[in-house]
Amino acid sequence: MAERTWVLALLALAVSCGPSEAPAPDGSAAEELVRELFTVAWNTGDIGGLDPGAAADSVLFHYRGTSSYTTLGELGGLIAHWRTAFPDLRMELLDLVSEPGTVAARVRYSGTHQAEWFGIPATGRQVSVDEMMFFRFENGLLVEAWEVDDQLSMRTQLGLLP
């Protein structure tokens, strides 16, 4: 199930609340959605401002050689799970680059593993992991996303690997 960890995170692009503290490129609607994903939904757990109209009914998500369709409705549980396992979870949007129809983000997430996370008991260890995400939009809707994250670093920092 850990492979689907970020599948749902991508769907948080539909968040439409709160101020942004991320770099401000040209301010397109797609960029704003990506910015809100990291600065509001993940950092505060506030998913009350989700707009189901910002993503297609199902988004094709590509993660570590897998592809699956995911819906926006699954997002709340995922964020709650992460924020329970890492109560001090912090998402930092390092870079945001876009061209028409595509937004790319470089992100770093960090936190302390305090509760079960996808079957892994709490380790009490702190993590800081980098990832890159690419989002494709059609007619203003998120329709496809790709994620590359550093799972080797994550698992090593949790003490699961030597």
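Under a 3.5 Å cut-off, the side chain of Glu36 and the backbone N or O of Leu33 do not form any donor-acceptor pair. Looking only at distances, no side-chain donor or acceptor of Asp46 sits under 3.5 Å from a matching main-chain atom of Ala41. Side chain of Thr102 to main chain of Ser98: no donor-acceptor pair is present (N/O by atom type, distance under 3.5 Å, no hydrogens or angles).
Two residues are said to be in side-chain contact when any heavy atoms from C-beta on lie closer than 4.5 Å; Tyr109 and Phe86 fail this criterion. Looking at heavy atoms from C-beta onward, Val34 lies in side-chain contact with Leu96 at the 4.5 angstrom threshold. Side-chain contact between Val97 and Phe134 is absent, with no heavy-atom pair separated by less than 4.5 Å. Taking 4.5 Å as the limit, every side-chain heavy atom of Glu131 sits out of range of all side-chain heavy atoms of Asp150. No side-chain heavy atom of Asp149 sits less than 4.5 Å from a side-chain heavy atom of Met154.
Atom CG of Asp88 has more than 12 heavy atoms from other residues, nucleotides or ligands within 6.0 Å.
Across all non-hydrogen atoms, the minimal contact from His81 to Phe118 is NE2-N, 3.0 Å. Nearest heavy-atom pair, Val107 versus Leu94, reported as atom, atom and distance to 0.1 Å: C-CD1, 4.2 Å. Considering every non-hydrogen atom in both Ala122 and Ala115, the closest pair reads CB-N, 3.5 Å. Looking at every heavy atom in both residues, Ala85 comes nearest to Trp117 through CB-CB, 3.7 Å. Contact record, Thr156 with Arg125: O-NH1, 4.3 Å, taken as the closest heavy-atom pair. For Arg90 against Asn43, the heavy-atom pair with the smallest separation is NH1-ND2, 2.6 Å.
Ser67 pairs by the side chain to side chain donor-acceptor pair (under 3.5 Å) definition with His62, not counting sequence neighbours. In terms of the side chain to side chain donor-acceptor pair (under 3.5 Å) criterion, residue partners of Thr123 (sequence neighbours excluded) are, by chain and number, His113. Considering only residues two or more places apart in sequence or on other chains, Leu160 meets the side chain to side chain contact (heavy atoms under 4.5 Å, CB included) condition with Ile120, Arg155, Leu158. With sequence neighbours left out, the salt bridge (charged side-chain N to carboxylate O under 4.0 Å, His left out) criterion links Glu99 to no other residue. Legend: residues meeting salt bridge (charged side-chain N to carboxylate O under 4.0 Å, His left out) with Glu92, ordered by chain and number and at least two apart, are absent. Applying the side chain to side chain donor-acceptor pair (under 3.5 Å) rule to Gln157 yields the partners Ser153; only residues at least two apart in sequence or on another chain are considered. Scanning for side chain to side chain contact (heavy atoms under 4.5 Å, CB included) contacts around Gln114 gives Pro87, Thr112, with sequence neighbours left out.
Other members of the cluster containing Leu152 are Leu161, with ILVMFWY side chains joined at under 4.5 Å, either directly or via other members.
Residue pairs meeting the salt bridge (Lys or Arg N to Asp or Glu O under 4.0 Å) criterion with at least one partner in residues 101-114, sequence neighbours excluded, are Asp95-Arg106, Arg108-Asp130.
The structure places OG1 of Thr44 at 8.0 Å from CD1 of Ile79, a figure rounded to the nearest 0.5 Å.
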Criterion side chain to side chain contact (heavy atoms under 4.5 Å, CB included) on Leu89 and Trp42, from CA distance to verdict: CA-CA 8 Å; Leu89 181 67; Trp42 283 100; 3.6 Å; yes

Trp146 vs Phe135, ring-ring contact (aromatic ring centres under 6.0 Å, His included): CA-CA, chis, key distance, verdict: CA-CA 7 Å; Trp146 297 262; Phe135 309 96; 9.0 Å; no

